[in-house]
Amino acid sequence: MSSNRREGHEISLLALHFNKNCMVYFNRLIIKILLAKPRWQDKNTLRDYAALTPLVWEHINPYGRFDLDMNARLDLP
């Protein structure tokens, strides 16, 4: 926490919740896109689908440097 004020803590926690919600939404979209590809159609069992979760975060860099290209768009549905 970067502040010892209650308002600062609240803002930090709300930002963390927002970041987590964005990560889950993005992961869900990526999983949906990947599972729609024909090569994954017959490879997964019911147990595999039950183990899928959008709560993975290893590919997220929450504390590093981010180079954003605001002129480029992701091809998301």
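Expressed to the nearest 0.5 Å, how far CG of L55 lies from NZ of K20 amounts to 7.5 Å. Between atom CD of residue Q41 and atom CG of residue N44 there is a gap of 8.5 Å, rounded to the nearest 0.5 Å. The distance from the OG atom of S12 to the CZ atom of R5 is 10.0 Å, given to the nearest 0.5 Å. Note: T53 OG1 to I31 CD1 = 7.0 Å, rounded to the nearest 0.5 Å.
Using a 4.5 Å heavy-atom cutoff, the side chains of F18 and L14 are not in contact. By the 4.5 Å heavy-atom criterion applied to side chains, L52 and L35 are counted as neighbours.
Residue-environment remark: CG (N21) exceeds the threshold of 12 foreign heavy atoms within 6.0 Å. More than 12 non-hydrogen atoms from other residues, nucleotides or ligands lie less than 6.0 angstrom from CG of D69.
Across all non-hydrogen atoms, the minimal contact from M23 to V56 is SD-O, 3.6 Å. P54 and R28 get closest at one heavy-atom pair: CB-N, 4.0 Å.
Cation-pi geometry between K37 and W40 is not met: the NZ or CZ atom fails to fall both under 6.0 Å from the ring centre and inside 45° of the normal.
Grouping the Ile, Leu, Val, Met, Phe, Trp and Tyr side chains by contacts below 4.5 angstrom, directly or via other members, places Y49 apart from V24.
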